[in-house]
Amino acid sequence: MRVDVWLWAVRLFKSRSAAATLLRAGRVRVNGYPAKASASVKPGDRVTWRDPLRERDVEVVELLPKRVGAPLAVKAYVDHSPPVPPREERLAVGIRDRGAGRPTKRERREIDRLRGARRD
């Protein structure tokens, strides 16, 4: 089954085109490798991508031929993603005053450290 259809069928994306757009951009990985929308998935595969709030990691349990209701969709995958960070943590990252201009090198490093990004 195509990975874009499966992501849409199990209700992880609102539309198939939204899933395909993320796949075309190379942001979705199947078993650790970048995948195209036409890549096939089978039970046991791991699908990962970056959500606006967190890193998503989902294991395929069942292939669904069409979109199903939420209670059935949840049974088709196992979610290995970390929990969503609390609202206080999400709001604390990188808020700058309007009109403050570009961040300095020191401010960029602080923002990266808050986000957990590493630059080597």
Side-chain angles (χ1 to χ4, degrees):
M1 172 174 241
R2 289 173 57 113
V3 66
D4 62 338
V5 174
W6 184 81
L7 287 168
W8 168 75
V10 295
R11 298 179 168 269
L12 292 171
F13 284 88
K14 252 184 175 176
S15 67
R16 183 177 166 192
S17 62
T21 301
L22 210 63
L23 282 152
R24 250 183 276 117
R27 297 190 180 154
V28 178
R29 294 179 170 268
V30 175
N31 295 326
Y33 296 102
K36 295 182 178 181
S38 62
S40 60
V41 291
K42 58 188 180 306
D45 286 350
R46 298 283 288 255
V47 182
T48 58
W49 71 95
R50 178 82 183 146
D51 193 86
L53 299 176
R54 62 187 169 153
E55 185 75 27
R56 297 296 307 263
D57 183 9
V58 176
E59 182 180 346
V60 179
V61 174
E62 182 183 348
L63 300 177
L64 301 173
K66 60 182 181 177
R67 193 167 171 100
V68 295
L72 294 175
V74 172
K75 295 176 185 176
Y77 63 90
V78 177
D79 196 354
H80 298 285
S81 306
V84 178
R87 184 173 170 88
E88 297 81 32
E89 285 183 29
R90 288 183 278 160
L91 295 177
V93 176
I95 298 174
R96 293 180 49 82
D97 294 330
R98 187 174 175 93
R102 291 181 60 179
T104 62
K105 189 172 188 176
R106 175 187 233 170
E107 291 170 336
R108 283 196 315 268
R109 288 180 176 161
E110 289 173 1
I111 290 169
D112 288 344
R113 190 173 55 250
L114 283 172
R115 289 184 178 161
R118 287 194 51 175
R119 286 189 175 175
D120 292 319

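Atom CZ of Arg50 has more than 12 neighbouring heavy atoms from other residues, nucleotides or ligands inside a 6.0 Å radius.
Pairs of residues two or more places apart, or lying in two chains, that qualify as side-chain hydrogen bond (donor to acceptor under 3.5 Å, both in side chains) and include a residue from residues 26-38 are Asn31-Asp45.
Phe13 and Val78 are not part of a single hydrophobic cluster, where members link through side-chain heavy atoms under 4.5 Å apart. Cluster annotation: Val28 is not connected to Val61 through the hydrophobic network of ILVMFWY side chains, with a link wherever side-chain heavy atoms come within less than 4.5 Å. Trp49 and Trp8 fall into different hydrophobic clusters, where Ile, Leu, Val, Met, Phe, Trp and Tyr residues are linked whenever their side-chain heavy atoms come under 4.5 Å apart, directly or through other members. Residues Met1 and Val47 share a hydrophobic cluster, clusters being chains of Ile/Leu/Val/Met/Phe/Trp/Tyr side chains in contact below 4.5 Å.
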In sequence, state the C-alpha distance, the side-chain angles, and the governing distance for Arg108 and Ile111, and then conclude on side chain to side chain contact (heavy atoms under 4.5 Å, CB included). CA-CA 5 Å; Arg108 283 196 315 268; Ile111 290 169; 5.5 Å; no

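In terms of heavy atoms, Arg11 sits closest to Ala70 at NE-N, 3.7 Å. Between Val30 and Ala35, the closest heavy-atom pair is CG2-CB, 3.6 Å. Across all non-hydrogen atoms, the minimal contact from Ala73 to Ala9 is CB-O, 4.3 Å.
With a 4.5 Å cut-off on side-chain heavy atoms, Asp79 and Arg56 count as touching.
Side-chain atoms of Arg16 never come within 3.5 Å of backbone atoms of Asp4 as a donor-acceptor pair (strictly under, hydrogens ignored).
Taking CG from Leu7 and CG from Leu23, the interatomic distance works out to 6.5 Å, rounded to the nearest 0.5 Å.
In this structure, the side-chain hydrogen bond (donor to acceptor under 3.5 Å, both in side chains) partners of Arg46, at least two apart in sequence or on a different chain, are Asp57.
The aromatic rings of Trp6 and Tyr77 stand perpendicular to each other, their planes meeting at an angle above 60°, with 30° marking the opposite boundary.
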